[in-house]
Structure formats: structure tokens, C-alpha cells
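Note that the coordinates shown come from a computational prediction; the quantities given were computed from them, not determined experimentally. Residue numbers start from 1 in every chain, and the chains themselves are labelled A, B, ... in the order their sequence lines are given, proteins ahead of strands.
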There are 2 protein chains.
Amino acid sequence: MARAASTKGQTRIQREKTEEILEAALEVFATYGFRGATIDQIALQSGLSKPNILYYFDGKEAIHAKLLSRLLTTWLEPLKHLGDSDNPVDEICAYVARKLAMSRDYPRESRLFANEIIQGAPRILTELKGQLKTLTDEKAALIQNWCDAGLIKPIDPYHLIFSIWATTQHYADFDVQVCAVLSDKADSRFDQAAAFLDNMYRATLTH
Amino acid sequence: MARAASTKGQTRIQREKTEEILEAALEVFATYGFRGATIDQIALQSGLSKPNILYYFDGKEAIHAKLLSRLLTTWLEPLKHLGDSDNPVDEICAYVARKLAMSRDYPRESRLFANEIIQGAPRILTELKGQLKTLTDEKAALIQNWCDAGLIKPIDPYHLIFSIWATTQHYADFDVQVCAVLSDKADSRFDQAAAFLDNMYRATLTH
DNA sequence: CATAGTTTTGACCATATGGTCAGAAAAATA
DNA sequence: TATTTTTCTGACCATATGGTCAAAACTATG
């Protein structure tokens, strides 16, 4: 038996089933959190039997860990692309737009992450203090340079980044609430949000 | 036996124990979510035995329901105080400050709420579409009036409110992440946040 | 103090849940 | 086709969990 843990030499079936399980697990973990999710739910969602799932993964923890480790890479991707440019305001607004698009297109990933963080990030704290902090420090320094050069208004770069995470992820994590409040106007919520946020960050950053 | 459900004629012990249980339950539910929390944990946290807890409440659901119904009132309080005034910008910034203070002083309440919403608000959806929507509609109309009167820049009042909820609650719900990124600078995070947010919303709203 | 009412608990139950295992079914290989 | 390897499953186990109950401990009051 070749466990999915060994990344080399996987058969077609191993690759396919592993994906199906992760897809189902994402749905379940995002909705109920780690402790609230059950392997039976993942089994039901994926159409596989419970023992079959445990044939591919070494347990509930392992499935969750795999999802989280994948997620972090995807999640940091938009921030990585925040590059130097002659127009910092556009650069930041483009980042906001990318991040909002991720909330729209990958709400389950956002909720998986939110569940983990709210509950104290017990299984991802190391990565937060490592990868996430390193990247954020780097980009905060870049933004600080823009401030110092007078290209944008003076602001705290860290809290600017926090506010971007908060405002964009809100549309994935709190979607039920947003829809409840907007009711019939909810359909265009992502377009409205894009316009509002672009407007707000331009006002915040432009001299 | 007089169950806590009957709000009238409670003895001193009933009032005290009920509070102790709710206090412990808030801690546990906020950390693990509804499905992840166990009555045993609440028992341990409160120093009471499990059967004793079930003597005061009709089950896990009932404890959670009680917490949620209390919470909603407290939670909407800051928004209710968003009143008419000759300086709308100050008015909104004061609301932001109040909301941020709540994240600092009542992080568990914020997380309890966040857990519920992220998981689809199964036990509070009615209240969201009722109380929350009504109040938000009312305040959005007020803000719209300020826009129309030219007292603040034209913005979408609903998404302004969403952004305030998102940015302020972020400091309670994602506190672990904020601290991980700020590391040694984390101590003053709420003061920094207050300054940043005040600055951002003034820029967004002032002509 | 005696009695009635309230509060608390240990022991217990039914179900849910994470996980195991021997062997069957299917697929790859010789 | 025969054999080896991979994939899959029903039955099962140990523990965790929500909840019950009879009786004990405690408290207030006549």
C-alpha cells in the first residue's frame, strides 16, 4: 500500500481520489470547523466510504493539515504580487481587487482559514509567525518606502494591510450577513464592494 | 425545580449559577464553535458538574441560544447610538472607535458571533434578517441623507457599514494573526488601529 | 429541630465518532 | 490467463458526548 503521504510515484487513482477527498473536506471543514466536522460527513460529501478515506489519509488531522498547507500558498499569492511600480495607489487598489476576487471565487478557502484563526490558529501558528510574517514585513517595508517618498499619504502599512484583509475577506466569511442585510440588492454585492473599496483606498492613500 | 427558563422569581443561587455557566460557555463556544464545544468543557471551565449545568439549562442548544440572544442586543448597541449630528464625519468616526473598543473589551463575544456567521448563521438567521437588517437600513438611510446633503463624500452607506464591521471586528476575531505579524509591536495594536482607522474613515468621508 | 423545597452528584444510557482490520473486489503486471 | 499489487468495504472497537435519573446534600422556613 502506497499512502498519499509519499508525494512521488502516485498512481492515477491515488491522485484522483486524494483530490476528491480534499474537495469534499474543504466543503465540510469550511462549514463546521475542525472539531465540528466529521469523517462521515466528508465520506458522504465525497461519495467514498469512511475506511476508503482513511486509506488515503492518516486521519482527520492529516486531511485538515493538507488543506491548510495548500491554502496558505494560494492565500498569500495576491500579496506576493504587490510589486514596485510608479503608481503605488493603483498597485494597492489592484491588490484589493485581487483579494476581493478571491473572496468571491474561493469563499470556502476563506472560511477554512477564518475558522482556524478564530479558534486560535492551533495548527497553523508556526506558519503565521513564519511565512506570513516574513511576507507581510517585506510588503509593509515597501509601502513604508512609498510613504517616505511622498508617493502616498503617510499611513501605518501594517494596519493598512490588516484593513485590506478584513474588508475583502468579510465578503466571503460574513456572506450570510451581507446577504441578509442587502436582501434583494445582494446579487451585485461584489461589484458594489469593489467600487466602494477602490474608492475608500484611493481616498486613504492619495494626497 | 424551577428551571432558569422561567425568568420570573429566580433565587439568588439560580441567578448566580446561570451567570457562571453562561460565562464559561461563552469562553468555550467562542473558542471551539457550537459543534466543537462540549458540555464537559463548559463544566470544567465553570467548576460545576455536567448534570448540574443541565439542571439550569435544557441542553447545549439552550445555553448557546441564550448567549446569542443576549449578544445581539449588546452587539447592535454601538450602531444604535449613531445619531444625527452637525458633524457626520465625527459621528461615524466615533462609531468606529466604539466598535473597536468592543473588539478590545469583548473579544469572546465577537468570536462567538463570528463562529455563528461563518458557519452559515443557522441559529440566528432570522434575527439577522429582522433586527439587524432593520437597524442597518435605518442607519444606511441616515448616512445617505448626509451624502445627499453634501456633508460627506458620496459613498455606498451599506458597504461603509460593512467595512466598519470588518475592520473593527478583525482585531478581535483575527487577533492571533495580528499578534503573529506584529510580534513585539503587538502591545499597542489597538491604539495603532484606532489611529489608522480614524485616519482612513476621515479621508474616505471628508470632502 | 423538623420538614419542605432546592441544589448537586455519581452512575448510567444511547448514540456519535475516530479509527482498525481481515478479506473481497478491482486493476496492473507477468 | 495467472499472479501480484492496489483499492475498497462491512463489521467491528474504544472512546467521547449529550443527556437522564434516583438519591444525596444542602438551604430555607415553620
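Remark: C1' of D:dG10 and CG of A:D40 are 14 Å apart, rounded to the nearest angstrom. Rounded to an integer number of Å, the gap from CZ of A:F29 to C1' of C:dT17 is 13 Å. When the C1' atom of D:dT6 is taken as reference, atom CZ of A:R15 falls 14 Å away, rounded to whole Å. Atom OH in B:Y56 sits about 5 Å away from atom P in C:dT7, given to the nearest Å. Here the P atom of nucleotide D:dT17 and the OH atom of B:Y32 are 11 Å apart, to the nearest Å. Between B:E20 atom CD and C:dT7 atom P there is a gap of 13 Å when expressed in whole angstrom units. B:H64 places its NE2 atom 17 Å from the C1' atom of D:dT17, with the value rounded to the nearest Å. Atoms CD1 (B:I53) and P (C:dG10) sit 13 Å apart, rounded to a whole Å.
At a cut-off of 3.5 angstrom, the base of C:dG19 holds no donor-acceptor pair with the side chain of A:K60.
Backbone-only contact: A:A37 has heavy atoms under 4.0 Å from sugar-phosphate atoms and none from a base. Counting any heavy atom pair closer than 4.0 Å across all strands shown, B:K17 reaches sugar-phosphate atoms only and no base atom.
A:Q14 has no side-chain polar atom (N or O) that falls below the 4.0 Å cut-off from OP1 or OP2 of D:dT6. Under 4.0 angstrom from either OP1 or OP2 of D:dT7 there lies at least one side-chain N or O belonging to A:T11. Dashed line: the shortest gap from a side-chain N or O of B:N52 to OP1 or OP2 of C:dT9 is under 4.0 Å. The phosphate of D:dT17 has OP1 or OP2 within less than 4.0 Å of a side-chain N or O from A:R35.
Relative ring orientation between B:H159 and A:Y171 is described as parallel, the plane-to-plane angle staying below 30° on a 0-90° scale split at 30° and 60°. Between A:F34 and A:F29, the two ring planes are parallel [angle under 30°; tilted spans 30° to 60°].
Considering only the side chain of A:Y55, D:dT6 comes nearest among C:dG18, D:dT6, C:dT17. The nucleotide whose nearest atom lies closest to any side-chain atom of B:L54 is, among D:dG10, C:dG18, D:dT20, D:dT20. Of the candidate nucleotides D:dG19, C:dG18, C:dC21, D:dG19 has the atom lying nearest to any side-chain atom of B:K50. In this structure, the nucleotide among C:dT17, C:dT20, D:dC8 sitting nearest to the side chain of A:T38 is C:dT17.
Around OH of A:Y106, the count of heavy atoms belonging to other residues, nucleotides or ligands within 6.0 Å does not exceed 12. Enclosure of atom NZ in A:K153 by more than 12 non-hydrogen atoms of other residues, nucleotides or ligands within 6.0 angstrom is indicated.
For B:R111 (side chain) and B:A172 (main-chain N/O), a donor-acceptor pair under 3.5 Å exists by modelled atom type.
Sequence order on DNA chain C of the closest nucleotides to B:S49 and A:G36 puts B:S49 first from the 5' end.
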